[in-house]
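A quick write-up on the structure given underneath.
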Amino acid sequence: AKKDGRNTYRFFKAHMNEAALQRLEMVTKLRKAIANDELSVHYQPLFDIATGNLVTLEALIRWNHPKEGWIAPDQFIPVAEETGLIKDIGDQVLRRACADVKEIMYRLQRPVKVAVNISARQFKDGHFDEKVLGIIASQGIVPEYLELEITERLLMLDDPETAGILRRLAKAGVSLSIDDFGTGYSSLSYLKRYPFDVLKIDRAFVKDVTHDSQSAALVSAIIAMAQSLDLKVIAEGVEEEGQLAHLKKHGCDIAQGFLLGRPMSVADLTAKIHQWQMV
Ligand code: C2E
Ligand code: CA
Ligand code: CA
Ligand code: CA
């Protein structure tokens with residue numbers, strides 16, 4: 001038994017070292033990426049289902065590593081959050097997104113919103129509301145064109161400061177959207193307690209909406225609830241016509257997904273300017 005115990009210990013030690021090493025390597029690479037400008041922002045279009053109009057662009061970070069190529073956000077955002085690098089990265093994304101949406105609106109000759117994902121760590125970094133409003137002002141857009149996507153994880157930091165920051169941002173005209181709704185730590189009380197404008201149904205529910213009656217029931221229930229709370233509803237991960245038809249029938253406001261448009265660079269986006277209609 002003693003020997004088993006030691007082997008188990010050795011196993012964990014080796015395992016931990018490997019994980020720690022990998023993490024360290026990622027941190028080093030990420031620091032370099034920030035310094036060398038390897039990070040960029042792509043935009044995915046969101047369409048009003050009733051009119052087919054482009055209404056919002058979601059800003060999604062992209063990392064093109066000189067040797068390894070594209071590295072997915074899911075692989076580096078968690079490390080960036082743990083190390084605090086997300087604060088610099090997040091500021092860069094926000095600044096870039098505001099600048100890009102201004103340019104895009106100019107080309108389109110009509111208003112479009114930009115939605116930016118916010119990590120809990122970024123949010124907690126003191127005076128977040130002032131920072132956001134400062135960036136908006138310096139980029140020369142009005143707060144009404146910015147939407148911040150917040151996950152339930154952030155709201156779990158249920159402190160008066162969180163509530164105050166969200167309230168001040170909302171008051172200034174920034175839209176607040178609750179991301180990945182239905183996953184993780186859902187609590188309906190969040191919707192009442194904080195000044196949200198938008199609810200994004202997680203793509204896990206959208207995926208099965210046409211062939212699984214439980215998913216369909218859930219999506220209808222979320223839409224009905226959002227409507228009664230006066231929130232706009234966005235469905236993420238729309239990949240099929242059938243899903244879109246279902247969402248339309250049940251009164252979902254906005255759709256996002258590969259069926260309608262992939263995330264793309266500003267250059268690709270502006271080249272497709274004439275196609276910026278859902279159908
Ligand atoms: P998210 O906020 O839920 O973003 C939506 C993700 O779904 C994106 O993945 C997008 O490319 C993908 N997606 C969109 N339509 C479809 C579809 O029809 N089918 C499928 N299968 N996927 C679809 P991406 O760009 O890989 O980002 C992953 C996550 O990384 C994001 O999930 C978000 O949590 C995080 N992230 C991305 N950019 C940022 C950022 O600038 N800041 C922070 N804090 N997090 C970010
Ligand atoms: Ca999001
Ligand atoms: Ca509002
Ligand atoms: Ca999401």
Side-chain angles (χ1 to χ4, degrees), residues 43-50 55-61 73-74 77-78 81 90 113-123 146-158 162-163 165-167 169-170 174-240 242-261 263:
Y43 298 89
Q44 185 175 28
L46 279 71
F47 296 92
D48 182 307
I49 295 178
V55 283
T56 305
L57 296 165
E58 180 173 2
L60 294 160
I61 194 158
D74 291 335
I77 292 285
E81 285 173 347
K113 281 185 167 188
V114 69
V116 178
N117 293 285
I118 302 298
S119 289
R121 183 73 184 263
Q122 229 178 315
F123 192 88
L146 179 66
E147 193 157 291
L148 299 179
E149 298 198 357
I150 289 158
T151 59
E152 290 152 318
R153 200 157 86 92
L154 190 149
L155 302 176
M156 282 188 15
L157 320 162
D158 183 18
T162 300
I165 292 169
L166 292 176
R167 217 177 313 113
L169 285 168
V174 174
S175 300
L176 301 173
S177 120
I178 185 157
D179 204 357
D180 302 340
F181 188 80
T183 61
Y185 315 94
S186 278
S187 162
L188 297 180
S189 68
Y190 293 146
L191 296 179
K192 221 185 114 188
R193 208 173 329 150
Y194 299 115
F196 283 105
D197 307 278
V198 182
L199 181 160
K200 295 189 83 170
I201 305 175
D202 193 76
R203 72 165 183 267
F205 301 107
V206 174
K207 190 171 170 278
D208 298 322
V209 83
T210 53
H211 54 263
D212 172 47
S213 59
Q214 278 195 328
S215 290
L218 257 161
V219 166
S220 307
I222 294 173
I223 294 170
M225 179 196 65
Q227 282 173 343
S228 72
L229 290 170
D230 212 16
L231 297 168
K232 278 225 181 296
V233 199
I234 298 174
E236 300 186 320
V238 178
E239 295 183 351
E240 298 160 13
Q243 293 166 344
L244 185 62
H246 182 99
L247 292 161
K248 184 170 188 172
K249 191 174 144 202
H250 288 87
C252 182
D253 301 296
I254 295 166
Q256 171 181 18
F258 293 166
L259 174 73
L260 307 167

[X] side, atom [atom1]; [Y] side, atom [atom2] - distance, nearest 0.5 Å:
X: Asp48; Y: Thr56; atom1: CG; atom2: OG1; answer: 9.5 Å
X: Lys248; Y: Asp253; atom1: NZ; atom2: CG; answer: 12.5 Å
X: Leu169; Y: Tyr194; atom1: CG; atom2: OH; answer: 13.5 Å

Closest heavy-atom pair and its distance - [X], [Y]:
X: Phe258; Y: Pro263; answer: CE2-CD, 4.1 Å
X: Leu166; Y: Leu176; answer: O-CD1, 3.6 Å
X: Gly90; Y: Gln122; answer: CA-NE2, 3.3 Å
X: Val116; Y: Ala59; answer: CG2-CB, 4.3 Å
X: Leu231; Y: Val198; answer: CD2-N, 4.0 Å
X: Asp197; Y: Val174; answer: OD2-O, 4.1 Å

Q) Phe181 and Glu152: side-chain contact (heavy atoms from CB on, under 4.5 Å), yes or no, with the steps? A) CA-CA 8 Å; Phe181 188 80; Glu152 290 152 318; 4.0 Å; yes
Q: Can you sort out the partners of Gln227 under side-chain contact (heavy atoms from CB on, under 4.5 Å), two or more places apart, ordered by chain and number?
A: Ile223
Q) With Ser220, which residues qualify under side chain to side chain donor-acceptor pair (under 3.5 Å), at least two apart? A) none
**Q.** More than 12 heavy atoms from other groups under 6.0 Å of NZ on Lys232
**A.** no
So do the side chains of [X] and [Y] get within less than 4.5 Å of each other, counting heavy atoms only?
X: Gln243; Y: Leu259; result: no
X: Val114; Y: Tyr43; result: yes
X: Met225; Y: Leu199; result: yes

(Q) Would Glu236 and Asp179 count as a side-chain contact (heavy atoms from CB on, under 4.5 Å) here? Give the steps. (A) CA-CA 9 Å; Glu236 300 186 320; Asp179 204 357; 3.0 Å; yes
Q: Could you name each residue pair satisfying side-chain hydrogen bond (donor to acceptor under 3.5 Å, both in side chains) that touches residues 199-212, not counting sequence neighbours?
A: Glu58-Lys200, Glu149-Lys200, Lys200-Gln256, Asp208-His211, Asp212-Ser215
Q: Among Leu148, Leu60, Ile150, Thr151, find the residue that satisfies the side-chain contact (heavy atoms from CB on, under 4.5 Å) test when tested with Asn117.
A: Leu60
